[in-house]
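Letters A, B, ... are given to chains in the order of the sequence lines, protein chains preceding strands, and every chain is numbered from 1. Owing to the predicted nature of the structure, the values given are computational and were not obtained by experimental measurement.
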Amino acid sequence: GAGVSQSPRYKVAKRGQDVALRCDPISGHVSLFWYQQALGQGPEFLTYFQNEAQLDKSGLPSDRFFAERPEGSVSTLKIQRTQQEDSAVYLCASSLKASGGAGETQYFGPGTRLLVL
Amino acid sequence: AQSVTQPDIHITVSEGASLELRCNYSYGATPYLFWYVQSPGQGLQLLLKYFSGDTLVQGIKGFEAEFKRSQSSFNLRKPSVHWSDAAEYFCAVGLNAGKSTFGDGTTLTVKP
């Protein structure tokens, strides 16, 4: 069956450009998460959706970062006026249930590698 | 604040040898603990997870992990490593609402 997919897989942006990263979760999965993984580090939580509702955006590093999931399936992470420190791999994960319980299994996509020059 | 420490940045083992990857956590309650593997260009794949009950957890690909509350540890083990196990391994603590705190990973190299 299809897993979590992300596009584009690679993105090179000039500093100051806006970028949009797409995540297609597993069909029927209620929860969707975005993580940022800097080089040599573990993923860091950015934001969490339950269906179309963004329930937690505490990890977004600045107001240049914006995420949406308007119909409760596909999600887009948008970064405005990109900076060099935004260079990282952006991972999307989905899980079947609403994450009221912390132990719900997350399924990760392959990530989008963003390089800001 | 919750945190996860993986003390070994890089480990090299010979094929067929046993493996232990260390993970220590700081958390205010009984944690949900996970081990993931990440191959180059791939997303993270769940190897195993611990919520409660038996402190020795079996996972996929022949991996197991043992939760030791007294040591705040959740070390990953495999009795005999295969060349295909070369990858990066992440330990994580599951927090409320499902968001996880990850360690910085351990890179495993397997010598032939």
Hey, quick one: are Leu46(A) and Phe108(A) part of the same hydrophobic cluster, counting side-chain heavy atoms closer than 4.5 Å, chains of contacts allowed? no
To the nearest 0.5 Å, what is the distance between CG on Leu46(B) and OH on Tyr107(A)? 7.5 Å
Give the cluster check for Ile60(B) versus Leu76(B): same hydrophobic cluster or not, with ILVMFWY residues linked at side-chain heavy-atom distances below 4.5 Å. yes
Single-linkage hydrophobic cluster Val89(A)~Leu21(A), side-chain heavy atoms < 4.5 angstrom: no
Non-hydrogen atoms of Ser100(B) and Phe45(A) that approach each other most closely: O-CB, 4.3 Å
Rounding to 0.5 Å, atoms NZ (Lys49(B)) and CD (Gln106(A)) come to a distance of 10.0 Å
Tyr50(B), part contacting chain A, at a heavy-atom distance under 4.5 Å: neither
If two hydrophobic side chains count as joined below 4.5 Å and joins carry through other members, does Trp34(A) share a cluster with Val4(A)? no
Mark yes when over 12 heavy atoms from residues, nucleotides or ligands other than Gln54(A) sit less than 6.0 Å from its CD; otherwise mark no. yes
In this structure, are over 12 heavy atoms from other groups packed under 6.0 Å from Ile9(B) atom CD1? no
Chain B heavy atoms under 4.5 Å from Gln37(A): which part of the residue, side chain, backbone, both or neither? side chain
By side chain to side chain donor-acceptor pair (under 3.5 Å), Tyr90(A) pairs with (sequence neighbours left out) Gln36(A)
Region of Thr47(A) that comes under 4.5 Å of a non-hydrogen atom in chain B: neither
Is Glu85(A) atom CD crowded by more than 12 heavy atoms from other residues, nucleotides or ligands, each under 6.0 Å away? yes
Heavy-atom nearest pair, Phe90(B) first then Gln41(A), reads CE2-O, 3.9 Å
Can you hop from Leu77(A) to Tyr35(A) via hydrophobic side chains spaced under 4.5 Å? no
Can you measure from CZ (Phe102(B)) to CG (Leu91(A)) and round to the nearest 0.5 angstrom? 8.0 Å
Output the residues of residues 103-112 of chain B for which the shortest heavy-atom distance to chain A is under 4.5 Å, in residue-number order; output 'none' if no such residue exists. Gly103(B), Asp104(B)
Part of Arg113(A) within contact of chain B (heavy atom distance under 4.5 Å): neither
Should the heavy atoms of other residues, nucleotides or ligands under 6.0 Å from CZ of Arg15(A) be counted, would the total exceed 12? no
Relative to chain A, which segment of Gln38(B) carries a heavy atom at a distance below 4.5 Å: side chain, backbone, both, or neither? side chain
